[in-house]
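Here is how names work: the chains are called A, B, and so on, in the same order as the sequence lines, proteins then strands, and each is numbered from 1.
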Amino acid sequence: MMMIFGIPAPLLFGQLLLGLINGAFYAMLSLGLAIIFGMLNIINFAHGALFMMGAFVAWALLNYLDIGYFPALILAPLIVGVFGVILEKTIISRLYKLDHLYGLLLTFGLSLVIEGLFRNAYGSSGMPYRIPSVLQGATDLGFMFMPNYRGWVVLSAAVVCLATWAIIEKTSLGATLRAATENAPLVQAFGVNVPRLITLTYGAGIALAAFAGVLAAPIYSVNPNMGTNFINTVFAVVVIGGMGSILGSIVTGFALGVVEGMTKVFYPQASATVVFVVMVIILLTRPRGLFGKAA
Amino acid sequence: MLEIAGLNAWYGESHILHGIDFNVQEGEVVTLLGRNGAGKTTTMKSIMGLVGRREGSVKFKGAETIGMLPNQIARAGIAICPEERGIFGSLSVTENLMLPPVVAPGGLSVDEIYTLFPNLKERAKTAHGTRLSGGEQQMLAIARILRTGARMLLLDEPTEGLAPVIVQQIGRTIRAIKNRGFTVLLVEQNFRFAATVADRHYVVEHGQVIDMIPNAALEANMDKLHDYLGV
């Protein structure tokens with residue numbers, strides 16, 4: 001068997017792939033958090049709960065309406081995104097004039113309520129979601145076998161992240177969004193309906209989380225705690241990448257997934273904490289994060 | 001074009017404007033003169049709806065705007081070039097230029113803007129608007145509102161801190177847009193510059209308009225004006 005650094009190659013590549021998959025989820029979730037923070041100045045603690053809702057909506061679509069995986073990949077983000085729009089319109093928008101801390105507390109409370117409701121209705125043991133048949137099986141890459149679904153997750157997450165980045169950095173809508181992040185009153189004084197832009201931004205960030213939730217459904221079981229498991233690490237990713245940086249959250253998300261995966265190979269005991277160790281080091285040496293701009 | 005009566009404005013708890021009254025006719029260039037802190041910039045922001053609270057009457061083309069949001073006022077056809085210029089560092093020069101949405105037909109085309117401001121054409125590819133010099137940023141801040149089709153322009157101290165040659169260029173620009181039928185409300189500290197472009201001057205003090213001087217009568221009122229402005 002081929003060995004790399006004294007580790008069997010299939011084990012190394014297997015963990016690398018697992019790391020990339022976790023990284024794909026970190027990237028999609030921290031990207032949404034970054035966009036929302038930039039526009040709303042709110043640290044959206046409900047992000048994990050809305051990610052979980054994405055998975056649940058996909059499960060519900062399949063089990064109640066017989067709507068399969070691929071339509072759910074479009075429909076679930078839309079449905080959860082609309083739910084996010086309603087949350088923003090009715091509750092979150094009341095807090096913009098207050099300190100960040102209030103938004104954090106509110107969304108933290110919302111996440112507890114949402115997760116509690118789902119736990120009450122579905123229990124916490126989790127429900128399986130089958131991998132769609134076209135994505136079942138595995139491909140022999142020569143150096144390892146790659147489960148097709150996992151390859152699909154990494155690929156589609158990368159495409160969605162890049163598309164989001166391109167919309168923000170390369171389109172006129174993105175330019176308006178960036179301008180409103182810098183100076184919302186002036187953009188509104190140019191005739192842009194900024195409150196509506198903020199609402200739609202929140203909806204889009206939530207839709208990204210829900211999309212990640214649908215991708216996650218066949219890998220992790222669909223259960224009310226699946227968001228909580230992710231979100232702590234995701235907040236560390238956001239801190240490391242730099243609050244509000246779009247490219248930073250994508251790159252850092254994937255990179256930290258890989259760092260975590262590699263730690264599982266070389267020093268498994270530290271795999272659950274390595275991200276937080278990195279966070280502490282970054283906070284001590286570059287408090288604005290790797291990609292953060294000086295204020 | 002613009003009729004302001006009994007305009008009061010507040011920032012938080014501080015009451016800044018105490019009943020401002022003045023009007024601007026279509027096609028006029030009118031300045032607000034006054035010392036620092038008199039309330040000129042606050043008047044501009046209040047017209048745009050950019051203060052915490054405003055009361056009184058701001059009629060634009062006969063329609064009351066006091067209850068409108070800034071984006072609705074902009075859509076009615078008023079555009080602002082703010083004192084701090086408001087160039088966005090995360091946007092390229094071209095993105096800054098194209099940012100304000102077109103609110104009515106009749107704005108300048110990008111080609112016409114580049115004819116007025118050749119420097120902007122040269123710097124169009126600059127990736128961050130804030131990399132431009134102060135004068136270029138000021139031109140960009142004026143240029144982007146000429147595109148929108150708004151006929152009423154609020155220019156807040158466009159010559160502040162700029163070299164004489166750039167001040168002259170901005171003067172030529174203001175006369176050029178006046179010739180095209182735009183209406184301009186100008187805040188100025190430098191009344192010698194104001195005298196080269198304006199039809200009338202209002203003097204603002206302690207949040208109220210205390211005098212109006214037609215440009216033709218400026219020379220005759222020099223002593224009074226020096227007194228008002230403390231120069």
Side-chain angles (χ1 to χ4, degrees), chain A residues 31 34-41 89 93 96-99 164-201 241-250 288-289 291-295, chain B residues 11-12 41 44-53 65 68-104 107 127-130 140-141 143-150 152-154 156:
Chain A
L31 180 58
I35 296 169
I36 289 171
F37 180 74
M39 272 299 275
L40 287 78
N41 262 331
K89 274 273 182 210
S93 58
Y96 292 146
K97 292 196 171 131
L98 301 175
D99 191 84
T164 309
W165 173 82
I167 288 170
I168 291 170
E169 295 296 334
K170 302 291 171 196
T171 68
S172 64
L173 173 68
T176 306
L177 216 65
R178 275 176 284 141
T181 302
E182 259 188 69
N183 186 348
L186 183 58
V187 172
Q188 187 163 7
F190 284 149
V192 175
N193 189 340
V194 170
R196 190 173 64 193
L197 190 65
I198 289 175
T199 304
L200 292 178
T201 303
M243 204 75 204
S245 163
I246 303 300
L247 193 61
S249 53
I250 300 174
R288 302 221 154 266
F291 295 81
K293 293 175 203 109
Chain B
Y11 281 121
T41 292
M44 296 292 229
K45 289 191 170 173
S46 303
I47 295 169
M48 224 53 241
L50 288 172
V51 287
R53 179 174 148 219
T65 67
M68 286 162 78
L69 293 169
N71 51 309
Q72 295 167 324
I73 295 168
R75 295 278 171 185
I78 307 181
I80 189 165
C81 171
E83 184 180 15
E84 70 285 357
R85 295 174 190 142
I87 298 302
F88 297 95
S90 59
L91 274 63
S92 73
V93 168
T94 305
E95 284 174 332
N96 266 289
L97 182 61
M98 305 309 281
L99 176 72
V102 170
V103 298
H128 300 280
T130 41
L140 180 55
R144 68 180 169 192
I145 58 173
L146 296 178
R147 251 190 68 252
T148 63
M152 172 90 229
L153 307 182
L154 313 180
D156 196 348

Of the backbone (N, CA, C, O) and the side chain (C-beta and beyond), which part of B/Met48 lies under 4.5 Å from a heavy atom of chain A, both, or neither? side chain
Go through B/Ala150, B/Ala79, B/Ala74 and name the one with the most non-hydrogen pairs under 4.5 angstrom from chain A. B/Ala74
Could you measure the distance from the CD1 atom of B/Ile80 to the CZ atom of A/Phe190? Nearest 0.5 Å is fine. 8.5 Å
Candidate list A/Glu169, A/Glu182, A/Arg178, test side-chain hydrogen bond (donor to acceptor under 3.5 Å, both in side chains), partner B/Ser90, passing option: A/Glu182
Does any backbone or side-chain atom of B/Pro82 lie under 4.5 Å from a heavy atom of chain A? Answer side chain, backbone, both or neither. side chain
Side chain, backbone, both or neither: which part of B/Ile87 has a heavy atom under 4.5 Å from chain A? backbone
Which distance, rounded to the nearest 0.5 Å, do you find between the CD of B/Glu84 and the CG of A/Asn183? 7.0 Å
Might you point out which heavy atoms bring A/Ala179 and B/Leu99 nearest each other, and give the distance in Å? CB-CD2, 3.7 Å
For the pair B/Asn71 and A/Asn193, evaluate side chain to side chain contact (heavy atoms under 4.5 Å, CB included) and give the outcome as yes or no after the intermediate values. CA-CA 6 Å; B/Asn71 51 309; A/Asn193 189 340; 3.7 Å; yes
What are the two closest non-hydrogen atoms of A/Ala189 and B/Leu50, and how far apart are they? CB-CD1, 3.8 Å
Is A/Thr176 in contact with chain B via its backbone, its side chain, both, or neither, using a 4.5 Å heavy-atom distance? both
